[in-house]
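Structure first, commentary second.
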Amino acid sequence: QVQLVESGGGWVQAGGSLRLSCAASGRTFSSNAMGWFRQAPGKEREFVATISHRGGTTRYADSVNGRFTISRDNAKKLVYLQMNSLKPEDTAVYYCAGRTAYNTSPKADQYDYWGQGTQVTVSS
């Protein structure tokens, strides 16, 4: 079983940047697609970005496309989310997730394991 631990969240002013990291344990990481999701207070969890098992394919939510970049380092068992030009509406708890499949998916119910989340707060 793969376990995930997110880090890198915090407080930033609008227009600033943050990079989230997700550290994975377990042997199957390099064969699993990974994703980032977020949940704001009072809202449902929503898709942010996803990356295929070798990093060749990425997909983004329209709301973050062009501002966020997902990447991975399979040798280090890390997944990153670089977030630029942050807006107050990006404020949420960000979750890293993995699925036991090679291909990407924007659907939360297709992910098999999750991290505990990291808070991102963007002030105006």
Does a side-chain heavy-atom distance below 4.5 Å link His53 with Asn74?
-> no
Give the ring-plane orientation class for Phe68 versus Tyr94, where under 30° counts as parallel, over 60° as perpendicular and anything between as tilted.
-> tilted
Is there side-chain contact between Thr28 and Thr100, with heavy atoms separated by less than 4.5 Å?
-> no
Please check if Val12 and Val93 belong to a single hydrophobic cluster, counting links between Ile, Leu, Val, Met, Phe, Trp and Tyr side chain heavy atoms closer than 4.5 Å.
-> no
Verify the distance criterion only: is there a donor paired with an acceptor across the side chains of Tyr111 and Arg99 at less than 3.5 Å?
-> no
Any side-chain heavy atom of Gln110 sitting closer than 4.5 Å to one from Asn103?
-> no
Residues passing the salt bridge (Lys or Arg N to Asp or Glu O under 4.0 Å) test with Glu89, sequence neighbours excluded, are none
Is any side-chain heavy atom of Thr91 closer than 4.5 Å to a side-chain heavy atom of Gln119?
-> yes
When rounded to the nearest 0.5 angstrom, what is the spacing between CD in Gln3 and OG in Ser25?
-> 4.5 Å
Is the number of heavy atoms from other residues, nucleotides or ligands under 6.0 Å of Gln116 CD greater than 12?
-> yes
Same apolar cluster (I L V M F W Y, side chains within < 4.5 Å links), Tyr95/Leu4 = no
Among all residues two or more places apart in sequence or in another chain, which pass the salt bridge (Lys or Arg N to Asp or Glu O under 4.0 Å) test with Arg72?
-> none
What distance separates Asn32 CG from Ser52 OG, expressed to the nearest 0.5 Å?
-> 11.5 Å
Can you tell if the side chain of Tyr102 reaches within under 4.5 Å of the side chain of Ser31, non-hydrogen atoms only?
-> yes
If you round to the nearest 0.5 Å, how far is OG1 of Thr57 from CD1 of Ile51?
-> 8.5 Å
Name every donor-acceptor pair, under 3.5 Å, that has one atom in a side chain of residues 75-84 and the other anywhere in the protein, sequence neighbours excluded.
residue : atom : partner : partner atom : Å
Lys77   : NZ   : Gly26   : O            : 2.7
Gln82   : NE2  : Asn84   : OD1          : 2.9
Asn84   : OD1  : Ser17   : OG           : 2.9

Do the side chains of Val120 and Leu20 get nearer than 4.5 Å, heavy atoms only?
-> yes
Centres of the Trp36 and Phe47 rings: under 6.0 Å?
-> no
OG-CD distance between Ser63 and Glu46, expressed to the nearest 0.5 angstrom = 5.5 Å
SG of Cys22 to CD of Glu6: how many Å apart, nearest 0.5 Å?
-> 5.5 Å
Please answer: with hydrophobic residues joined when any side-chain heavy atoms are less than 4.5 Å apart, are Val48 and Met34 in the same cluster?
-> yes
Hydrophobic cluster identity match, Ile70 and Leu86, side-chain contacts under 4.5 Å = yes
